[in-house]
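Data first, discussion second: the structure below is written as structure tokens.
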2 protein chains.
Amino acid sequence: MSAAVPRRAALTASVEDYLKAIYELEGYGGAAGTKELAAALGIAPASVSGMVRRLAEQGLISHQRYRGVRLTDAGRRAALGTIRRHRVIEAYLAEALGYPWDRVHDEAERLEHAASDELVDRMAAAIGEPETDPHGAPIPARDGTMDERRLASLDDLPPGTQARIQRVEDDDPARLRYLGELGIKPGAPVRIVDRAPYGGPITLRIARAERLIGSELARHVLVIPPPGVTFSHAAGARSAVPAAGRDAAGSARHAAGGGKRGRRRRGSAHDRD
Amino acid sequence: MSAAVPRRAALTASVEDYLKAIYELEGYGGAAGTKELAAALGIAPASVSGMVRRLAEQGLISHQRYRGVRLTDAGRRAALGTIRRHRVIEAYLAEALGYPWDRVHDEAERLEHAASDELVDRMAAAIGEPETDPHGAPIPARDGTMDERRLASLDDLPPGTQARIQRVEDDDPARLRYLGELGIKPGAPVRIVDRAPYGGPITLRIARAERLIGSELARHVLVIPPPGVTFSHAAGARSAVPAAGRDAAGSARHAAGGGKRGRRRRGSAHDRD
DNA sequence: TCCGTAAGTTAGGCAATCCTAACTTTTGCG
DNA sequence: CGCAAAAGTTAGGATTGCCTAACTTACGGA
Ligand SMILES: [Mn+2]
Ligand SMILES: [Mn+2]
Ligand SMILES: [Mn+2]
Ligand SMILES: [Mn+2]
């Protein structure tokens with residue numbers, strides 16, 4: 001049984017995950033920092049330094065010591081390939097196999113490294129060439145192009161605004177389930193009825209009901225920016241805002257944990273796409 | 001990005017492949033040899049010795065030095081779990097995604113280590129709980145039970161015998177394509193019209209046509225043994241015959257290759273199931 | 001300008017896998 | 001029975017990836 005069976009020229013699963021993470025942390029024009037990357041991947045910063053050297057040697061990223069990394073064209077191509085596989089798989093699991101939208105991510109996180117492009121293409125064809133994953137994230141085309149429009153979050157919208165939910169962040173399964181209960185899913189029309197001041201609750205009209213959500217939650221729900229809206233939160237990864245509000249690097253949750261012995265227990269995932 | 005996301009208590013992909021290989025080499029009551037295992041996995045015998053020690057320490061196999069290995073109950077359970085995942089995935093790819101039967105194996109060989117049991121169960125349900133994979137290999141049930149009937153090969157049948165194709169070996173994509181052209185696939189009724197002596201060609205009546213096949217090819221096509229047939233080739237792996245004809249251990253093809261430098265290039269696969 | 005802190009690196013380790021070379025045990029044959 | 005080939009093991013390496021501890025650099029104030 002078996003013997004290798006590599007998927008492509010084949011980067012390792014680890015490398016693919018690094019490239020994906022860097023892609024998402026670069027956001028609109030920045031570089032990805034070591035610590036940030038470590039948090040996103042659930043590993044120690046020192047480990048990232050080591051991998052960064054190797055990725056740079058392989059020409060997948062460029063690295064300025066102490067200054068962060070950026071994808072090269074080759075690295076970006078690879079990242080978008082993995083992202084395409086991930087999102088098509090998520091869409092397929094939801095569409096063809098009845099997976100709930102809060103459980104597609106973890107499964108895709110593993111399958112993205114094992115599925116061939118042929119399989120992914122067959123999946124995409126089987127469900128009608130979807131343009132987004134179940135959370136509304138755009139699926140890169142086979143040629144590596146992807147819709148990279150910046151999005152605004154519900155938290156950025158003034159009262160009275162009408163919009164259509166474009167995308168929700170898929171980090172947290174529990175949050176996804178809650179959003180699902182509220183009827184907040186991609187494609188749904190929404191109206192901002194009211195906003196309490198000082199970061200208070202936001203009143204929405206959604207799915208023919210009025211709902212109150214906190215501004216924290218609202219930041220994880222994205223819409224196409226109506227004219228004149230300045231956004232503080234962008235699809236992809238980081239804030240589009242200059243300085244304020246960017247304390248928690250990216251959106252990394254419980255970081256690497258701090259066990260003493262017994263390696264091999266990295267935290268659970270926390271991503272987007 | 002991500003962070004771990006293990007599939008189960010999670011054996012490594014390597015360990016799962018070893019256990020599968022051992023399961024198949026054990027055949028009906030034997031032990032699996034180091035060299036045999038190395039050939040099946042496409043790695044060097046010395047590497048197998050090392051892994052064997054670790055698997056024995058973990059209680060997945062029992063090992064008698066210089067005498068070969070056997071699965072423990074825990075090891076057999078794990079092996080059957082992987083085999084179930086592999087075969088369900090093969091069946092799903094063929095049934096739901098239109099994969100040709102000569103290309104499902106390699107894809108399944110990778111996905112089997114990444115797909116969760118939930119995914120595999122959903123796949124099985126989606127295609128009506130298949131009992132065999134596209135090559136006729138039985139799919140272990142969720143509880144780990146599997147039909148382990150010995151099968152006879154076409155080469156074992158005397159002229160005049162009627163049988164129904166049960167299974168074909170899926171080692172070689174080219175052979176699968178050829179068998180497909182001949183109409184030799186699981187479920188097809190076949191009649192042995194004639195056999196030339198001294199290992200000469202066998203004349204079959206299949207798919208309403210008469211076909212000639214060599215005895216080598218015939219050995220890779222399996223049927224439920226009609227009464228009175230002694231078989232020389234069994235499903236699973238090795239011959240049921242005492243000594244004769246067991247030169248090429250198992251059915252390993254091009255073994256480990258013999259590159260000098262540059263590891264990381266193991267040969268392509270060669271298996272069953 | 002100076003400095004402390006945060007971020008990033010290096011050093012030293014470990015575990016999983018695989019390899020080649022060299023040595024040991026088994027075993028089939030004459 | 002005796003031995004040489006075959007099968008199996010050990011020894012010594014390499015690679016990938018991750019970890020902790022300790023050191024270095026960058027940078028935002030005071
Ligand atoms: Mn992943
Ligand atoms: Mn997603
Ligand atoms: Mn495999
Ligand atoms: Mn197979």
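Chain letters run A, B, ... following the sequence lines, proteins first and then strands; every chain starts at 1.
- To the nearest angstrom, C1' of C/dA15 lies 12 Å from CE of B/Met51.
- Between the P atom of D/dG8 and the CG atom of B/Leu25 lies a distance of 11 Å, rounded to the nearest Å.
- Regarding A/Gln64, its CD atom lies at a distance of 16 Å from the C1' atom of C/dT9, rounded to whole Å.
- Regarding A/Tyr66, its OH atom lies at a distance of 5 Å from the C1' atom of C/dG8, rounded to whole Å.
- Residue contacts shown for A/Gly33 are limited to sugar-phosphate atoms, with no base heavy atom under 4.0 Å away.
- Comparing atom distances between the B/Ala44 side chain and each of C/dT20, C/dC18, D/dC19 picks out C/dT20 as nearest.
- A/Ile61 places its CD1 atom 13 Å from the P atom of C/dG8, with the value rounded to the nearest Å.
- Nearest to the side-chain atoms of A/Ala46 among the listed nucleotides D/dC19, C/dA16, D/dA21 stands D/dA21.
- In this model, no donor atom of one side chain and acceptor atom of the other lie less than 3.5 Å apart for A/His135 and A/Arg167.
- Comparing C/dT9, D/dT16, D/dT10 against the side chain of A/Thr12 picks out D/dT16 as the nearest.
- Between C/dT9 and A/Arg53, no contact under 4.0 Å exists linking OP1 or OP2 to a side-chain N or O.
- The aromatic ring centres of B/His105 and B/His86 sit less than 6.0 Å apart.
- Considering only the side chain of A/Lys35, C/dA7 comes nearest among D/dG8, C/dA7, C/dT10.
- Side-chain contact between B/Glu112 and B/Arg84 is absent, with no heavy atoms from C-beta onward closer than 4.5 Å.
- Residue B/Ile43 contributes atom CD1, which lies 11 Å from atom P of C/dT20 at whole-angstrom precision.
- Residue B/Ser47 places at least one side-chain N or O under 4.0 Å from the OP1 or OP2 atom of C/dC19.
- Taking atom NE2 on B/His63 and atom C1' on D/dT10, their separation rounds to 13 Å, with Å as the unit.
- Taking only side-chain nitrogens and oxygens, A/Thr34 comes nearer than 4.0 Å to OP1 or OP2 of C/dT9.
- Residue whose closest nucleotide on DNA chain D sits further toward the 5' end, between A/Arg67 and B/Pro45: B/Pro45.
- With C/dT17, C/dT10, D/dT16 as the candidates, the nucleotide lying closest to the side chain of B/Ser14 is C/dT17.
- Between the CG atom of A/Leu41 and the P atom of D/dT16 there is a distance of 18 Å, rounded to whole Å.
- The backbone N or O of A/Asp155 lies less than 3.5 Å from no partner atom in the side chain of A/Ser215, so there is not a single donor-acceptor pair.
- Contact between the side-chain N/O atoms of B/Arg65 and the OP1/OP2 oxygens of D/dT10 is found at a separation under 4.0 Å.
- In this structure, the side chains of B/Asp17 and B/His113 come closer than 4.5 Å at one or more pairs of heavy atoms.
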